[in-house]
Number of protein chains: 2
Amino acid sequence: MADQHELREKGLRLTPQRELVLNAVRELGHATPEDIAAKVRETHPGINLSTVYRNLETLENVGLVQHTHLGHGGATYHAAEELTHLHLVCGDCGSVGDAPIDVAANFVQNLADDYGFRTDVTHFAIYGTCAACVK
Amino acid sequence: MADQHELREKGLRLTPQRELVLNAVRELGHATPEDIAAKVRETHPGINLSTVYRNLETLENVGLVQHTHLGHGGATYHAAEELTHLHLVCGDCGSVGDAPIDVAANFVQNLADDYGFRTDVTHFAIYGTCAACVK
DNA sequence: AAGTACTCGCAAACTATTTGCAATTAGTCT
DNA sequence: AGACTAATTGCAAATAGTTTGCGAGTACTT
């Protein structure tokens with residue numbers, strides 16, 4: 001298992017709980033820690049919420065998952081492989097749409113040229129009003 | 001006082017506390033509710049933190065202030081008049097830089113054209129690595 | 001098979017924010 | 001100026017989300 005390799009390199013283990021958390025993140029796409037815990041509990045009811053938090057942190061350090069801020073408060077997690085889109089959060093209806101990173105290419109380039117800032121557009125959501133709510 | 005007018009229109013009052021909160025937001029630029037409470041307490045020690053929260057909410061409804069998400073968890077508040085720049089948050093050193101909205105004009109236009117999404121670029125921070133930390 | 005250090009579950013601690021309620025007060029009316 | 005009414009305040013307690021200390025358990029190394 002490839003995941004095991006990423007972990008062992010840093011002296012970490014691939015425990016059943018850790019694997020379950022990772023799989024849940026991969027299945028769910030966008031998910032809060034609570035969502036992930038709920039998913040894992042479907043098959044493994046005993047898992048503790050703090051274990052989910054700790055494993056998300058660990059998996060993020062190793063580079064297997066990443067988190068994004070979609071709204072007020074909670075972060076949501078993604079598998080690192082799937083982080084190829086940015087998030088359009090609608091302030092009116094709360095929906096979360098996706099858009100390919102390309103639409104921001106120009107913007108990212110501007111920031112790099114003018115400010116030397118290397119942007120990660122996927123980390124924070126793009127906030128505004130979706131097409132449905134604009135009308 | 002112009003502020004009073006905005007408030008009374010909706011049946012709201014301009015109390016000393018509310019005025020202090022608004023002035024603090026204007027002076028501080030970027031500030032968390034805690035920062036604002038601390039500022040207000042310099043001249044008015046008795047003010048309660050929940051009053052600050054309630055007034056920020058009220059002032060936001062009226063349109064005198066707005067909030068932005070700069071980091072994990074906490075929101076930061078700005079006077080509405082000053083919301084003419086976006087925030088570049090560095091994930092390494094935590095610094096917050098500013099950039100004029102213009103650099104995002106192109107990006108915003110893309111989202112409008114392709115997705116009908118009306119973007120508010122100032123609401124969430126732009127996350128990445130600042131020039132100093134890149135090197 | 002045994003040892004070591006990483007992990008787990010649990011409960012309690014924390015941080016940030018919100019709410020209920022009784023007392024107070026800004027703005028309106030007379 | 002004085003009275004009235006609904007908005008607002010302070011306080012304390014509640015809530016939500018996340019983190020931490022600790023003893024028991026266990027994955028991986030040799």
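All values below were derived from every heavy atom in this structure, side-chain atoms included, with hydrogens, water molecules and symmetry-related copies excluded. Throughout, protein chains are lettered first and strands after them, A, B, ... in sequence-line order, and every chain is numbered starting at 1.
In terms of position on DNA chain C, the residue among B:Leu49 and B:Arg13 whose nearest nucleotide sits closer to the 5' end is B:Leu49. Nearest-nucleotide positions on DNA chain D for B:Gly11 and A:Tyr53 put B:Gly11 closer to the 5' end.
The nearest whole Å value for the distance from the CD atom in A:Glu9 to the P atom in D:dA27 is 21 Å. Rounded to a whole Å, the CZ atom of A:Arg8 is 18 Å from the P atom of C:dA5. What separates CG of B:Leu14 from P of C:dT25 is a distance of 16 Å, to the nearest Å. In this structure, A:Asn55 places its CG atom 15 Å from C1' of D:dT20, rounding to the nearest Å. If you take CD of B:Glu19 and C1' of D:dT8, they are 15 Å apart, rounded to a whole angstrom. The distance between atom CD of B:Glu60 and atom P of C:dT17, rounded to the nearest whole Å, is 13 Å. When rounded to the nearest whole Å, the span between CD1 of B:Ile36 and P of C:dT17 equals 10 Å. Going from atom NE2 of B:His69 over to atom P of C:dA16 covers 15 Å, rounded to whole Å.
Between the side chain of A:Glu60 and the main chain of A:His67, a donor-acceptor pair closer than 3.5 Å is present.
Contact annotation: B:Thr51 side-chain N/O to D:dT9 OP1/OP2 distance is not under 4.0 Å. Dashed line: the shortest gap from a side-chain N or O of A:Ser50 to OP1 or OP2 of C:dG9 is not under 4.0 Å. Contact annotation: A:Asn48 side-chain N/O to C:dA11 OP1/OP2 distance is not under 4.0 Å. Regarding contacts with the backbone of D:dT9, a side-chain N or O of B:Thr15 is found under 4.0 angstrom from either OP1 or OP2.
With a 4.5 Å cut-off on side-chain heavy atoms, B:Leu22 and B:Arg26 count as touching. Residues B:Tyr115 and A:Val103 are in side-chain contact: their nearest non-hydrogen atoms beyond the backbone lie under 4.5 Å apart. Taking the side chain as every heavy atom from C-beta outward, A:Leu20 and A:Thr43 approach each other to under 4.5 Å.
The side chain of A:Gln17 lies closest to C:dC8 when the candidates are C:dC8, D:dA7, C:dC6.
Residue-level contact check: A:Arg18 touches the backbone only, with heavy atoms under 4.0 Å from sugar-phosphate atoms and none from bases. Residue A:Arg54 is in base contact, counting any heavy-atom pair closer than 4.0 Å across all strands shown. B:Thr58 comes within 4.0 angstrom of nothing in the nucleic acid, heavy atoms only.
By the 30° and 60° cut-offs, the orientation of the rings of A:His30 relative to A:His87 is perpendicular.
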